[in-house]
Amino acid sequence: MADTSVELRDLVKYHGATLAVDHLSLEVRAGEFFSILGPSGAGKTTTLRLVGGFERPDRGEILVEGRSMQNVPPNLRPVNLVFQTYALFPHMTVFNNVAFGLEMRRIRRAELRSRVSAALDMVKLSDKHSRLPSQLSGGEQQRVALARALVNRPAVVLLDEPLGALDQQLRQEMQLELKAIQKQVGITFICVTHHQEEALTMSDRVAVMNHGRVLQVGSPQEVYESPTSEVVARFIGLSNHLSGRIVTVGGTTCRITSPDIPTTQPLLVRRPPGPMEANRVMLLLRPERLHVSQDAQAGRFDNAVSARIEKVTYTGSEMQYLLRLSDSVLWRARLPNSGARQERFRVGEAVFLCWNADDGVILTE
Ligand code: ADP
């Protein structure tokens with residue numbers, strides 16, 4: 001297909017006895033920022049190295065722009081891997097680091113100069129072309145590594161934990177910058193990260209991976225707001241859980257009860273797509289979707305359950321509450337700090353947790 005940049009078909013890769021990649025299939029579209037997100041050991045780096053040609057699959061096929069990569073060595077693939085450690089030559093200037101690959105390929109001097117200058121422009125480092133890597137900040141070194149990939153005009157740039165070596169604040173700045181550079185150059189980026197906020201911020205689409213398999217692929221909003229499994233919901237941000245049973249089903253909503261919490265009436269939740277055969281379900285609710293209040297807010301929300309405040313954490317930007325709904329159910333709520341007039345709750349206080357049907361997701365077991 002013309003708009004598919006990279007296609008992975010049923011890839012299997014063992015490292016000794018470890019199954020690192022387990023029948024993995026994915027399609028990455030041309031020009032998108034695609035992230036593979038998952039915990040350490042999920043098989044992300046192995047997948048990236050398979051695309052780069054640094055490992056060979058035991059089974060399956062890799063196509064880049066419709067062409068099979070079987071037997072194509074890394075240096076002849078239209079892809080470039082940016083290493084987490086940047087792998088810059090310490091004794092060479094920024095310009096020479098970026099020019100190195102082109103020199104190896106004996107590109108003419110005039111063309112080499114213009115391509116290196118263009119790549120340094122893209123990453124906003126033109127004014128630092130004669131510095132050594134040691135004279136650059138971590139973020140700038142990262143951009144040199146990126147320029148070194150872009151200068152080859154690859155079809156795909158592969159990034160392995162690109163921001164892993166940076167501190168938190170710089171990391172957030174670089175997330176936006178990387179995304180802006182990618183949009184500007186229009187090249188497909190495939191990025192591997194275990195950092196969920198990073199994947200959600202930068203990507204057009206995200207694949208959530210665990211134990212060598214892809215669990216879900218979707219836009220950041222889809223995987224965050226409509227996870228299709230508990231593992232995905234737990235991995236992408238905090239979630240509150242409640243197991244229950246469906247008691248009535250309507251057109252767009254259904255009602256569930258749970259033996260784990262005392263409720264006066266069944267909870268109203270959004271109905272998942274497809275037929276509703278299973279009657280045991282798991283309700284997932286994001287902590288920022290919950291409202292905490294002293295009364296049940298009758299009429300304002302679809303659901304209200306009573307709870308007791310167990311812990312209060314002030315983070316500056318938020319108030320975080322740990323709430324006990326019953327002996328076996330503890331939930332979290334996160335409320336943006338809206339100032340001194342905001343209602344604050346104390347440990348031990350009895351409150352109501354309120355939310356609307358659309359705020360939760362149910363998974364059928
Ligand atoms: P991730 O990038 O998601 O952390 P990896 O692809 O690095 O995951 O690793 C997947 C699995 O394969 C892990 O269990 C890891 O220990 C194993 N593994 C990775 N590389 C090697 C290797 N060179 N030799 C043996 N086992 C490996």
Side-chain angles (χ1 to χ4, degrees), residues 5-28 32-64 69-70 72-75 77 79-87 138 142 145-146 149 156-166 168 171 174-175 178 182 188-218 220 223-224 227-237:
S5 174
V6 176
E7 189 177 349
L8 310 182
R9 289 188 186 155
D10 203 27
L11 285 185
V12 174
K13 175 68 187 174
Y14 280 90
H15 288 299
T18 307
L19 180 55
V21 175
D22 184 6
H23 296 277
L24 181 142
S25 297
L26 268 182
E27 274 185 36
V28 179
E32 77 176 336
F33 199 129
F34 190 93
S35 290
I36 301 176
L37 171 68
S40 177
K44 307 180 298 293
T45 299
T46 304
T47 304
L48 207 67
R49 291 174 58 81
L50 287 168
V51 178
F54 303 101
E55 315 246 10
R56 293 172 69 90
D58 295 313
R59 242 189 89 162
E61 203 179 5
I62 297 167
L63 291 96
V64 179
M69 291 292 112
Q70 199 169 2
V72 181
N75 58 328
R77 296 190 180 198
V79 305
N80 255 100
L81 177 63
V82 178
F83 293 94
Q84 180 176 6
T85 51
Y86 314 142
Q142 211 277 335
L146 184 60
V156 185
V157 172
L158 307 173
L159 302 133
D160 188 1
E161 299 277 357
L163 309 179
L166 307 178
Q168 179 61 16
R171 224 181 149 114
M174 282 301 291
Q175 286 169 14
L178 257 187
Q182 189 271 336
T188 310
F189 276 30
I190 304 180
C191 171
V192 150
T193 178
H194 68 278
H195 207 279
Q196 56 103 358
E197 183 204 297
E198 194 165 294
L200 299 185
T201 306
M202 297 193 297
S203 316
D204 297 307
R205 288 193 309 146
V206 178
V208 184
M209 198 173 166
N210 201 15
H211 300 306
R213 290 169 173 259
V214 169
L215 303 177
Q216 189 173 353
V217 183
V223 292
Y224 187 81
T228 52
S229 66
E230 199 184 333
V231 182
V232 172
R234 278 186 196 272
F235 189 67
I236 304 195

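As the structure lists them, so they are numbered: ligands from 1, and atoms in each ligand from 1.
- Within ligand 1, the atoms closer than 4.0 Å to a non-hydrogen atom of Ala42 are 1 (P), 3 (O), 8 (O), numbered from 1 in the order shown.
- Here the heavy atom of the protein found nearest to atom 23 (N) of ligand 1 is His15 ND1, 4.0 Å.
- Counting atoms of ligand 1 from 1 in the listed order, those under 4.0 Å from a heavy atom of Thr46 are 5 (P), 6 (O), 9 (O).
- Close contacts between ligand 1 and Ala20 involve ligand atoms 10 (C), 11 (C), 12 (O) [criterion: under 4.0 Å to a heavy atom].
- Looking at atom 4 (O) of ligand 1, its nearest protein heavy atom turns out to be Gly41 N, 2.7 Å.
- At least one donor-acceptor pair under 3.5 Å links the side chain of Lys13 to the backbone N or O of Arg56.
- Atom 15 (C) of ligand 1 lies below 4.0 Å from none of the non-hydrogen atoms of the protein.
- At distances below 3.5 Å, at least one donor-acceptor pair connects side-chain atoms of Asp204 with backbone N or O atoms of Phe33.
- Taking a 4.0 Å cut-off on heavy atoms, Pro39 registers as neighbouring ligand 1.
- For ligand 1, the polar-atom distance check finds no N/O of Thr18 at less than 3.5 Å from any of the ligand's N/O atoms.
- At least one heavy atom of Gly43 sits closer than 4.0 Å to an atom of ligand 1.
- Looking only at heavy atoms of the protein, atom 3 (O) of ligand 1 is closest to Lys44 NZ, 2.8 Å.
- Side-chain contact check for Phe34 versus Val217: some heavy-atom pair is nearer than 4.5 Å.
- Not a single donor-acceptor pair under 3.5 Å links the side chain of Glu7 to the backbone N or O of Leu63.
- Side chain of Arg59 to main chain of Asp10: no donor-acceptor pair is present (N/O by atom type, distance under 3.5 Å, no hydrogens or angles).
- A donor-acceptor pair under 3.5 Å is formed between the side chain of Lys44 and the backbone N or O of Gly38.
- The closest donor-acceptor contact from the side chain of Thr193 to the backbone of His195 lies under 3.5 Å.
- Contact check for Pro162 versus Cys191: side-chain heavy atoms found under the 4.5 Å cut-off.
- Among protein heavy atoms, atom 7 (O) of ligand 1 sits closest to Thr45 CB, 3.8 Å.
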